[in-house]
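Taking it in order: structure first as structure tokens, then the write-up.
What you see is a predicted model, and the numbers here were worked out from it, not measured in a lab. The sequence lines fix the lettering, A, B, ..., with proteins before strands; numbering per chain opens at 1.
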Amino acid sequence: MSHFFKTRVTSPCLTGETKEPSPCLMSHGGDKRTVPVSYIKKWSKSEAEGDRGTGYLSRVTGGRGTCQLEAREPSPCYFLGVMMLELGGKKITFTNLGKKLWPGENISKYDLIKYYLRVSPYMLPHLRERFLVLQRFPEGILEKGFFQKNCPPGAPRWLRTVPFRHRGGKVIRYLVAAGPETLAWAGNQAALEIHAWLSGINFLDKPDHAVFDLDPPEGVPFSRVCEVALALKGLLEKKGLRCFVKTSGARGLQVYLPLLPIYDYSTVRKFVQRCFEEINGQMPAITTLERKVSGRGDKIYLDYLQNAQGKTIVALYSPRPLPGAPVSAPLEWEELHFAALDPSSFHIGSIPARLLEKGDLFAAVLSDKQAVIL
DNA sequence: AGTAATG
DNA sequence: CATTACTAGTAGGTG
DNA sequence: CACCTA
């Protein structure tokens with residue numbers, strides 16, 4: 001029953017600079033923008049759905065800045081049962097591809113997997129060598145989901161996991177992203193949201209970026225959140241530091257300060273706290289450091305406590321299990337000056353084109369690691 | 001979604 | 001065999 | 001300590 005067909009396809013490229021077909025994973029030094037897809041695969045329907053025919057093809061095409069995984073037969077893959085792919089030599093079985101995970105938007109699991117594959121060249125560099133936490137919604141966003149830290153039993157053996165003993169003594173086998181196949185598998189697991197640690201596996205107690213989490217209550221205009229983020233940028237610039245901003249995927253913003261992995265979490269946390277105290281001093285009417293929800297009023301909560309080991313932040317380019325399938329999207333600082341900027345305009349359907357246009361606006365987060373003068 | 005436990 | 005349970009728990013601030 | 005939040 002399990003037939004894996006292997007076919008050579010030119011390596012597609014999301015940025016336009018096409019390279020030689022590379023069957024390998026992007027982790028191998030070469031062009032990080034090359035999607036390691038060399039596959040045409042066949043899928044077959046599950047028996048339970050009756051004999052509606054088999055042999056529909058999925059196809060990956062590339063070149064000229066596109067990467068498409070497309071279905072040959074009735075366009076949205078409503079009834080498709082099972083599909084087998086081989087990605088970078090790793091075999092994955094996809095199930096229930098037609099299941100609507102965002103029913104209101106008619107977004108299926110197939111669409112989610114396609115999204116993960118398309119953004120993988122941009123998303124993976126930010127996830128690689130990092131512990132991941134999945135938030136899964138096998139029945140879609142209208143039903144209850146659950147977190148998953150431990151790599152689940154039955155997961156393919158090629159998934160990379162690293163055990164970590166938390167202070168309470170509990171050991172978690174964290175999933176670590178390796179290549180696009182990791183994301184494709186997560187997609188099939190209905191992982192609608194992916195979180196990542198702030199420190200990489202080589203320096204688990206030394207975060208390589210600080211996170212300034214701006215968390216507005218419902219009803220605060222997004223432009224006000226932008227205003228606070230811009231003030232924070234000004235403050236950090238005054239210290240000679242360069243920082244980057246992304247949407248949370250919901251209503252908030254998260255400012256990343258890339259760091260050399262030389263400070264422990266408490267040092268970073270205190271630094272973020274001090275910056276936030278200064279911001280709060282500048283704009284006390286619209287921001288708060290109050291931890292208790294009931295004491296925040298309509299103010300934007302400045303959360304520095306996410307800078308701690310074992311805490312996670314929604315990953316760059318991760319979708320959110322919210323109506324509209326929004327995505328945590330990086331922004332250009334100039335965009336924050338537009339009153340009409342709407343974070344819900346960044347979603348699964350719009351991000352791939354934006355990546356083609358803008359590239360990875362967070363690329364410098366990976367390279368511009370800074371030292372903080374304390 | 002997939003496995004394990006329970007009835 | 002059918003159904004149900006399970007899947008995160010920690011970190012750190014506050015009172 | 002228990003409790004709250006993310």
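Under the 4.0 Å criterion applied to side-chain N and carboxylate O atoms, R354(A) and E335(A) are assigned as salt-bridge partners. Ion pairing between K99(A) and E139(A) holds under the 4.0 Å rule for side-chain N and carboxylate O. Using a 4.0 Å cut-off between charged side-chain N and carboxylate O, R160(A) and E129(A) make a salt bridge.
Within the 3.5 Å criterion, the main-chain N or O of V211(A) finds a donor-acceptor partner in the side chain of N307(A). A donor-acceptor pair is defined here as one N or O able to donate and one able to accept, closer than 3.5 Å; such a pair exists between the side chain of R130(A) and the backbone of L198(A). Judged purely by atom type and a 3.5 angstrom limit, N280(A) uses its side chain to pair as donor or acceptor with the backbone of T287(A). Judged by distance alone, the side chain of R320(A) and the main-chain N or O of S248(A) form a donor-acceptor pair under 3.5 Å. Proximity of a side-chain donor or acceptor of S318(A) to a complementary backbone N or O of I194(A) within less than 3.5 Å is detected. At least one donor-acceptor pair under 3.5 Å links the side chain of T247(A) to the backbone N or O of V327(A).
A salt bridge (charged side-chain N to carboxylate O under 4.0 Å, His left out) check over residues 209-234 of chain A, counting only residues at least two apart or in different chains, returns the pairs K233(A)-E237(A).
Among the heavy atoms of the strands, none lies under 4.0 Å from Y174(A). Using a 4.0 Å heavy-atom distance criterion, P152(A) is classed as making no nucleic acid contact. Residue K144(A) is classed as having no contact, given no heavy-atom separation below 4.0 Å to the nucleic acid.
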Show me the dot-bracket string of DNA chain B, counting Watson-Crick or G-U pairs under 3.5 Å, with | for pairs to another strand and [ ] for crossing ones. |||||||

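Protein atom CG of L289(A) is 13 Å distant from nucleotide atom P of dA6(D), rounded to whole Å. Taking atom CG of D303(A) as the reference point, atom C1' of dT5(D) lies 9 Å away to the nearest angstrom.
Near DNA chain C, meaning a heavy atom under 4.0 Å from it, residues 182-202 of chain A has no residue at all. The stretch residues 212-228 of chain A has no heavy atom under 4.0 Å from DNA chain C, so no residue of it qualifies as close.
Side-chain contact between P258(A) and Q370(A): present, with at least one pair of heavy atoms (C-beta onward) separated by less than 4.5 Å. In this structure, the side chains of N188(A) and K109(A) come closer than 4.5 Å at one or more pairs of heavy atoms. Counting heavy atoms from C-beta on, the side chains of P330(A) and Y317(A) come closer than 4.5 Å.
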Can you give one letter per nucleotide of nucleotides 4-11 of chain C, going 5' to 3': B for a protein heavy atom under 4.0 Å from the base, S for sugar-phosphate only, - for none? ---BBSSB

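Distance check on atom P: dT7(C) versus dT5(D) gives 23 Å, rounded to whole Å. Rounded to whole Å, the separation between the P atoms of dT3(B) and dT10(C) comes to 26 Å.
Evaluated for a ring-ring contact (aromatic ring centres under 6.0 Å, His included) with F276(A), the options F212(A), F271(A), Y304(A) yield exactly one hit, F212(A).
Using cut-offs of 30° and 60° for the angle between ring planes, the F131(A) and Y174(A) rings count as parallel.
Bounding nucleotides for the chain A contact on DNA chain B, 5' to 3', at a heavy-atom distance below 4.0 Å, are dA1(B) to dT3(B).
In terms of position along DNA chain C, the nucleotide closest to N307(A) lies nearer the 5' end than the nucleotide closest to the other residue of the pair N307(A) and E290(A).
Side-chain polar atoms of Q306(A) and K311(A) form no donor-acceptor pair below 3.5 angstrom.
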